[in-house]
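Data block below; observations after.
Whatever order the structure lists ligands and atoms in, that order sets their numbers, starting from 1. None of the values given here were measured: they were computed from a predicted structure.
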Amino acid sequence: MNIIFLGPPGAGKGTHANIISAKYQIPHISTGDILRMAIANQTETGLRAKEYMDKGQLVPDQVVIDIVKERLAMADCADGYILDGFPRTVAQAEELGTFAKIDVALNLMASDQLLVERLSGRLVCPLCGAPYRISALGGDLTCRVDSTPLILREDDKPETVDKRLEVYHEKTAPLIDYYGKLGLLRNVAIDGGTGEDIPVETVAERISKALEEFA
Ligand code: AP5
């Protein structure tokens, strides 16, 4: 299955893409993680991307399209993959359609209020990208996968989070309609409708159920 995880910043795309990747044994491809790795390695692409990411803006379409095209051509994508954070504009979705066949676009839906709370309470692993809620870490601020000390993401500062949400509504939310018209969209609510969290396990069950139709 070739799956897209759509959704605003903090909706849980990375959290659930990790779960589904392990369940179906297909790679989890996060453009955000690839770009952060490029920044850490100080590549030309990374240095260019950093200017946009630190301000909460989108990296230019062609930069991410080239990254994804190259990644999807790798052998481990032959039996399926999960795209997390790509596409993020209609132009990216149109281009993706020229070199990939998408089976389902899963849209994680949440209120902006919950997203702001989540992002301000998140730490991530700089090595593998795994996200954690500070409140659930119990004082041990290291990655449970590889023991790397966790960090606060540069773009999780409150003013940058506001900008990311604004950019999401303007540029990425139109993809809900785009994939809806193609008959590929499945919506999954990640809050209880009044702004409160639903446990990760419950959201994971909803996602698995939505995907069973396509498996
Ligand atoms: P990216 O890294 O893709 O960030 P994002 O889309 O803003 O999403 P996040 O990673 O912030 O959140 P998430 O939805 O993965 O949630 P998470 O699982 O961590 O992109 C960063 C930047 O890169 C962009 O702003 C842009 O500049 C650039 N970029 C990337 N792709 C691009 C593209 N295609 N085009 C152009 N530019 C691009 O969960 C959030 C928190 O909630 C965590 O702490 C988690 O533990 C917690 N949580 C999750 N589920 C639950 C639950 N059910 N209950 C309680 N807590 C939960």
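- Here the protein heavy atom with the shortest distance to atom 43 (C) of ligand 1 is R122 CD, 3.7 Å.
- L137 places a side-chain heavy atom less than 4.5 Å from the side chain of R144.
- Contacts of V59 with ligand 1, taken as heavy-atom pairs under 4.0 Å, involve both backbone and side chain.
- Salt-bridge check for K157 with D155: failed, with every basic side-chain N at 4.0 Å or more from each acidic carboxylate O.
- Not one N or O on the side chain of K13 forms a donor-acceptor pair closer than 3.5 Å with the backbone of L108.
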Residues N41, M37; criterion side-chain contact (heavy atoms from CB on, under 4.5 Å); working and verdict = CA-CA 6 Å; N41 291 330; M37 196 56 78; 3.9 Å; yes
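- Annotation: atom 53 (N) of ligand 1 to nearest protein heavy atom, I198 O, 2.6 Å.
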Decide side-chain contact (heavy atoms from CB on, under 4.5 Å) for F5 and I3; before the verdict, give the C-alpha distance in whole Å, the side-chain angles of both, and the deciding distance to 0.1 Å.
-> CA-CA 7 Å; F5 269 76; I3 306 167; 4.0 Å; yes
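- By the neighbour-count criterion of 12 heavy atoms within 6.0 Å, atom CG of D79 is sparsely surrounded, having that number or fewer from other residues, nucleotides or ligands.
- Ion pairing of K50 with E154 is absent here, as no side-chain N (NZ or NE/NH1/NH2) approaches a carboxylate O to less than 4.0 Å.
- Taking 4.0 Å as the cut-off between side-chain N and carboxylate O, D66 and K69 do not count as a salt-bridged pair.
- Listed by atom number, the atoms of ligand 1 under 4.0 Å from G32 heavy atoms are 1 (P), 2 (O), 20 (O), 30 (C).
- Within the 4.0 Å heavy-atom criterion, both parts of L58, backbone and side chain, lie near ligand 1.
- The closest approach between any non-hydrogen atom of A11 and ligand 1 is below 4.0 Å.
- The protein heavy-atom contact nearest to atom 45 (C) of ligand 1 is T15 OG1, 3.7 Å.
- At least one donor-acceptor pair closer than 3.5 Å links the side chain of D191 to the backbone N or O of S111.
- Where the criterion is an N or O separation shorter than 3.5 Å, residue side chain and backbone included, G85 meets it with respect to ligand 1.
- Judged by the shortest distance from any of its heavy atoms, G7 lies outside the 4.0 Å radius around the atoms of ligand 1.
- Listed by atom number, the atoms of ligand 1 under 4.0 Å from Q92 heavy atoms are 33 (C), 34 (N), 35 (N), 36 (C).
- Residue contacts with ligand 1: R153 is placed with a nitrogen or oxygen under 3.5 Å of a nitrogen or oxygen of the ligand (distance criterion only).
- An N or O contact shorter than 3.5 Å is missing between V203 and ligand 1 by distance.
- No salt bridge links E212 with K209; every basic N to acidic carboxylate O contact stays at or beyond 4.0 Å.
- For ligand 1, the atoms closer than 4.0 angstrom to any heavy atom of V200 are 50 (N), 51 (C), 52 (C), 53 (N).
- Heavy-atom proximity to T31, at under 4.0 Å, picks out these atoms of ligand 1: 30 (C), 31 (N), 32 (C), 34 (N).
- Contacts of Y132 with ligand 1, taken as heavy-atom pairs under 4.0 Å, involve the backbone alone.
- Salt bridge absent: D156 and R118 never bring a charged side-chain N and a carboxylate O closer than 4.0 Å.
- The protein non-hydrogen atom at the shortest distance from atom 47 (C) of ligand 1 is R133 CG, 3.9 Å.
- Residue-level proximity to ligand 1 for L35 is carried by the side chain, the only part with a heavy atom below 4.0 angstrom.
- With a 4.0 Å cut-off on non-hydrogen atoms, P199 touches ligand 1 through its backbone and not its side chain.
- Around atom 6 (O) of ligand 1, the closest heavy atom drawn from R36, K50, R88 belongs to R88.
- Between R88 and D61, no side-chain nitrogen of the basic residue sits less than 4.0 Å from a carboxylate oxygen of the acidic one, so the salt-bridge criterion is not met.
- With respect to atom 40 (C) of ligand 1, the closest heavy atom belonging to the protein is G10 O, 3.6 Å.
- Between the T160 side chain and the G56 main chain, no donor and acceptor come within less than 3.5 Å of each other.
- The part of L119 lying near ligand 1 is the side chain, judged by heavy-atom distances below 4.0 Å.
- Surrounding CD of E70 are at most 12 heavy atoms belonging to other residues, nucleotides or ligands under 6.0 Å away.
- The shortest contact between atom 16 (O) of ligand 1 and any protein heavy atom is with G12 N, 3.1 Å.
- In terms of protein heavy atoms, atom 13 (P) of ligand 1 is closest to K13 N, 3.5 Å.
- One side chain, D112 or H169, offers a donor N or O that lies under 3.5 Å from an acceptor on the other.
- Contact atoms of ligand 1 toward R164: 4 (O), 5 (P), 7 (O), 9 (P), 11 (O) (distance under 4.0 Å to a heavy atom of the residue).
- Residue G14 has at least one heavy-atom neighbour below 4.0 Å for each of these atoms of ligand 1: 13 (P), 15 (O), 18 (O).
- Taking all heavy atoms of E117, K55, Q57 into account, the minimum distance to atom 25 (O) of ligand 1 is reached by Q57.
- When the shell of 6.0 Å around CD of E213 is examined, it contains more than 12 heavy atoms from other residues, nucleotides or ligands.
- Under a 4.0 Å heavy-atom criterion, D155 is in contact with ligand 1.
- Protein heavy atom nearest atom 52 (C) of ligand 1, with residue, atom name and distance: R118 NH2, 3.1 Å.
- The backbone N or O of I39 lies less than 3.5 Å from no partner atom in the side chain of Q42, so there is not a single donor-acceptor pair.
- When heavy-atom distances to ligand 1 are checked against a 4.0 Å cut-off, P8 comes that close only through its backbone atoms N, CA, C and O.
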